[in-house]
2 protein chains.
Amino acid sequence: MAAPTPVPCCAPIARAPLAETEAAELAGLLKAVADPVRLRLLSMIGSHPGGEACVCDLTDAFDLTAPTISHHLKVLRTAGLIDGERRGTWVYYWIIPETVARLGALFIPLAEPAPAAGPVDVELLPA
Amino acid sequence: MAAPTPVPCCAPIARAPLAETEAAELAGLLKAVADPVRLRLLSMIGSHPGGEACVCDLTDAFDLTAPTISHHLKVLRTAGLIDGERRGTWVYYWIIPETVARLGALFIPLAEPAPAAGPVDVELLPA
DNA sequence: CTATAATTTCGACAGGTGTCGAAGTAAGGA
DNA sequence: TCCTTACTTCGACACCTGTCGAAATTATAG
């Protein structure tokens, strides 16, 4: 089974009208990520060697106080985008890839501009 | 040439630390979409037959006044997510798929849960 | 040319959000 | 035990944002 799917067009968000509750939930997730600092935090955590970063590694990269960084990390954590734990003196955070992928899945237009194998005949929209 | 890429792991956002300017720009895009009403508007426009929708079609689906809907449409348009034009009495809007796809590209973890063909050994993160 | 309908712009206001400094908590070291 | 370091919580404040009603704009119909 390689392609039982009817190869639909467009991103999921453009395929069928979003329900009210679903929209509210997704908007919450998006709000968490719709901030330059949090976007960079997420990126720094995810790209850190080992897949996790200590808060001390993150704070120095910003012109912000520790409470502010802590606040942003809390927002990301509450949204389910990262998780973390204290290990001795330091607190480490890591990305929850499932949640990140959920965001991407909303907007991807079906297939990446990747070396897709298969009968991919992507047309984004008839314009 | 089908795959000169070294098959990287993770979503782009988790691959390398986002630059400050890039983060600011992307956050702007995300802010535009981080609202339940705008998310639904985008979805309704994109899924409308013909790929475009009249404002009159959109307004009725919400418990909001026309000025408010107009405001949200303006936010989406300013962000480059939709465009529109007046045709006679009505104003029509349509999605700009490029911009939507750009959002998705940030978060997709490389390959979809699709029947990927190739030496794909996706592990999102070593947890 | 006036009336009517569709949409946008404008001003105003309540509520949400990012930031800080000060204080609190937790762990390690002298 | 007390001090220092790492991080979080708490209050406060400026600013941004979603919403509305009223008025302006654009186009069609009489």
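Each chain gets a letter, A, B and so on, in the order the sequences are listed, and its residues count up from 1.
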Could you please name the option among dT8(C), dC20(C), dT8(D) that lies closest to any side-chain atom of Y93(A)?
dT8(D)

Can you measure from NE2 (H72(B)) to CZ (R40(B)) and round to the nearest 0.5 angstrom?
11.0 Å

Could you tell me whether the phosphate oxygens of dT7(C), OP1 or OP2, come under 4.0 Å of any side-chain nitrogen or oxygen in S70(B)?
no

Write down the distance between CG (D60(B)) and C1' (dT7(C)), rounded to a whole number of angstrom.
13 Å

R38(A) side chain N/O closer than 4.0 Å to the phosphate oxygens (OP1, OP2) of dG18(C)?
yes

With a 4.0 Å cutoff (strictly under), does any side-chain N or O of T68(B) reach OP1 or OP2 of dT19(D)?
no

Check the distance between dA27(C)'s C1' and W90(A)'s CH2 and give it to me in whole angstrom.
10 Å

With rounding to the nearest 0.5 angstrom, report the CD1 to CG distance, I108(B) to L103(B).
12.0 Å

Can you tell me the distance, in whole Å, between the NZ atom of K74(A) and the C1' atom of dT17(C)?
14 Å

side-chain N/O H71(B) vs dT7(C) OP1/OP2, d < 4.0 Å
no

If you check the T89(B) side chain, which of dC10(C), dT8(D), dA6(C) turns out closest?
dA6(C)

Please pick, from dT19(C), dT19(D), dT9(C), the nucleotide with the shortest atom-to-atom distance to any side-chain atom of H72(B).
dT19(D)

Send over the distance from Y92(A) OH to dA27(C) P, rounded to a whole Å.
14 Å

From dC10(D), dC7(D), dT8(C), nucleotide with atom closest to P67(A) side chain
dC10(D)

How many Å lie between CZ on F62(B) and P on dG18(D), as a whole number?
13 Å

What is the distance, to the nearest angstrom, from the CD atom on E85(A) to the C1' atom on dA6(D)?
16 Å

Are any of K31(B)'s side-chain N or O atoms less than 4.0 Å away from OP1 or OP2 of dT17(C)?
no

Does the side chain of F107(B) reach to within under 4.5 Å of the side chain of L106(A), using non-hydrogen atoms?
no

